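Before any comments, here is the structure.
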Amino acid sequence: MAKAPWNEVEALVKHLFEAGLQPDRQDLVDLAFNGNASDDVIDALDSLNGKPVPSLDSLKQQLEANGMIE
């Protein structure tokens with residue numbers, strides 16, 4: 001499985017965290033589908049657990065731990 005570029009993930013979701021939201025896995029996957037994100041980005045976000053993600057840094061850490069971003 002290919003890894004998603006972090007800059008693509010960040011560009012897609014950054015506005016949610018800037019608005020003070022804590023999206024969960026399904027919110028992020030839906031956003032990726034609706035935004036016509038690459039399959040790698042969708043797969044990366046789909047690797048998250050179901051808990052709300054508190055920050056952009058936390059999202060990056062989770063995706064790195066899952067081996068899903070480059």
Side-chain angles (χ1 to χ4, degrees):
M1 182 179 296
K3 294 183 178 185
W6 169 246
N7 63 329
E8 288 183 25
V9 176
E10 183 180 33
L12 179 70
V13 304
K14 188 175 182 179
H15 72 279
L16 297 175
F17 296 102
E18 288 175 342
L21 301 176
Q22 293 187 10
D24 64 16
R25 179 195 148 279
Q26 192 61 54
D27 295 331
L28 295 169
V29 170
D30 288 347
L31 178 64
F33 271 115
N34 293 334
N36 293 319
S38 71
D39 289 342
D40 294 338
V41 170
I42 293 169
D43 289 343
L45 295 172
D46 197 34
S47 76
L48 298 169
N49 62 34
K51 297 177 184 173
V53 181
S55 68
L56 193 59
D57 286 338
S58 177
L59 175 63
K60 185 174 185 181
Q61 290 171 2
Q62 289 181 46
L63 294 177
E64 285 174 336
N66 292 348
M68 299 302 291
I69 56 172
E70 54 185 41

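In this text, all values refer to a predicted model and were calculated from it rather than measured experimentally.
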Residue pairs fulfilling salt bridge (Lys or Arg N to Asp or Glu O under 4.0 Å) with at least one residue in residues 30-43, sequence neighbours excluded: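 Listed by first then second residue: nothing to list.
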With rounding to the nearest 0.5 Å, note down the distance linking CD1 in I42 to CG in L28.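 Reported to 0.5 Å precision, the distance equals 12.0 Å.
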Closest approach of K3 to E70 (non-hydrogen atoms, all atoms of both residues):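 Between these two residues, the closest heavy atoms are O-OE1, 3.6 Å.
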If every non-hydrogen atom of L31 is compared with every non-hydrogen atom of L12, which pair is closest and at what distance?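 Of all heavy-atom pairs spanning L31 and L12, the closest is CD2-O, 3.3 Å.
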Using a 3.5 Å cut-off and no angle test, enumerate the donor-acceptor pairs between side-chain atoms of residues 48-59 and protein atoms at least two apart in sequence or in another chain.
from	atom 1	to	atom 2	distance (Å)
N49	OD1	K51	N	3.0
S55	OG	S58	N	3.0
S58	OG	Q62	NE2	3.3

With [X] via side-chain hydrogen bond (donor to acceptor under 3.5 Å, both in side chains) - residues at least two apart:
X	answer
D46	R25
D27	none
Q61	none

Sequence neighbours excluded and cut-off under 3.5 Å, please list the side-chain donor-acceptor pairs for residues 4-11, or say none.
none

